[in-house]
Chemist: 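First, the structure itself, so that you have it in front of you.
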Amino acid sequence: MPVRFALAAALLGVFGPDTPAAAHVLVQPDPVSSYALTTGRAWSLVAILLGLIGVVIGGLALARSTGRIGTGTGRRGAIVALVAGPAGAVIGGLVVAAAKGGPGTGYGIVGGFVALAVGLIAMVLGGLVLTRSRRAG
């Protein structure tokens, strides 16, 4: 009986610590394809779209606030830009904060940074339209 116990202890001593490491290597996730739409990439796309909506509407409102079409729709456009821009920037910031890897890992960090930039541009455009509409009013 002691020989079996010694043999089992020797086998566990040799293979015991290596088994969790080998299991960890076997459980590693597959690398993410560049074309796969992960949740991080999807959220960064949502943030970019919100920021782009803010930029487009803020740009149209800025063009309208110069007096060609009227200032009534410019103020509404400024408010939409000031809502959509920060929403996109906040979602982009959350994507960047939650990312555990760099570009190409599937966490959407590049889209998060783009959403931050586009959201800030939308906020600036909305602020310009509001200051111009206050001066005109």
Chemist: Would you name the heavy atoms of Ala89 and Met123 that are closest together and state the gap between them?
Modeler: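 Nearest pair, atom of Ala89 first, then Met123: CB-CE, 4.4 Å.
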Chemist: Mind running side-chain contact (heavy atoms from CB on, under 4.5 Å) on Leu125 and Ile121 for me, showing each step along the way?
Modeler: CA-CA 6 Å; Leu125 286 173; Ile121 292 170; 4.3 Å; yes
Chemist: Please give me the minimum heavy-atom distance between Gly58 and Ala81, naming the atom from each residue.
Modeler: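 Taking every non-hydrogen atom into account, CA-CB, 3.8 Å.
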Chemist: Which pair of heavy atoms, one from Ala78 and one from Gly126, lies closest together, and at what distance?
Modeler: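 Of all heavy-atom pairs spanning Ala78 and Gly126, the closest is CB-O, 3.6 Å.
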Chemist: Indicate if Val124 and Leu52 have the same hydrophobic cluster label, given that clusters are the connected sets of ILVMFWY residues with side-chain heavy-atom separations under 4.5 angstrom.
Modeler: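 Yes.
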Chemist: Do you know which two heavy atoms are closest between Val129 and Arg75, and how far apart they sit?
Modeler: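 Here Val129 and Arg75 meet closest at CG1-N, 4.5 Å.
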Chemist: Report the distance from atom CZ of Arg41 to atom OG1 of Thr105, rounding to the nearest 0.5 Å.
Modeler: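 Here the rounded value is 7.5 Å.
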Chemist: Give the cluster check for Leu50 versus Val90: same hydrophobic cluster or not, with ILVMFWY residues linked at side-chain heavy-atom distances below 4.5 Å.
Modeler: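 Result: no, two separate clusters.
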Chemist: Taking the side chain as every heavy atom from C-beta outward, state whether Phe113 and Val96 have any pair of such atoms under 4.5 Å apart.
Modeler: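 When only atoms from C-beta onward are counted, Val96 and Phe113 do touch, with a gap below 4.5 Å.
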Chemist: Quick check on the hydrophobic clustering: are Leu128 and Val118 connected, directly or via other members, by side-chain heavy-atom contacts under 4.5 Å?
Modeler: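 As far as the 4.5 Å side-chain criterion goes, Val118 and Leu128 are connected within one cluster.
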Chemist: To the nearest 0.5 Å, what is the distance between CD1 (Ile48) and CD1 (Ile91)?
Modeler: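 Spacing of CD1 (Ile48) from CD1 (Ile91) equals 11.0 Å.
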Chemist: Is there a chain of hydrophobic side chains (I, L, V, M, F, W, Y, each step under 4.5 Å between heavy atoms) that links Val114 to Val55?
Modeler: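 Yes; Val55 is reachable from Val114 via cluster members.
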Chemist: Please report the interatomic distance CD1(Ile79) to CD1(Ile57), rounded to the nearest 0.5 Å.
Modeler: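 Going from the CD1 atom of Ile79 to the CD1 atom of Ile57 covers 12.0 Å.
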Chemist: How close do Gly111 and Ser44 get, counting heavy atoms only, and between which atoms?
Modeler: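 So the minimum-distance heavy-atom pair works out to C-CB, 3.6 Å.
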Chemist: Do you know the tightest heavy-atom contact between Leu130 and Leu82?
Modeler: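 It is CD1-CD1, 3.2 Å.
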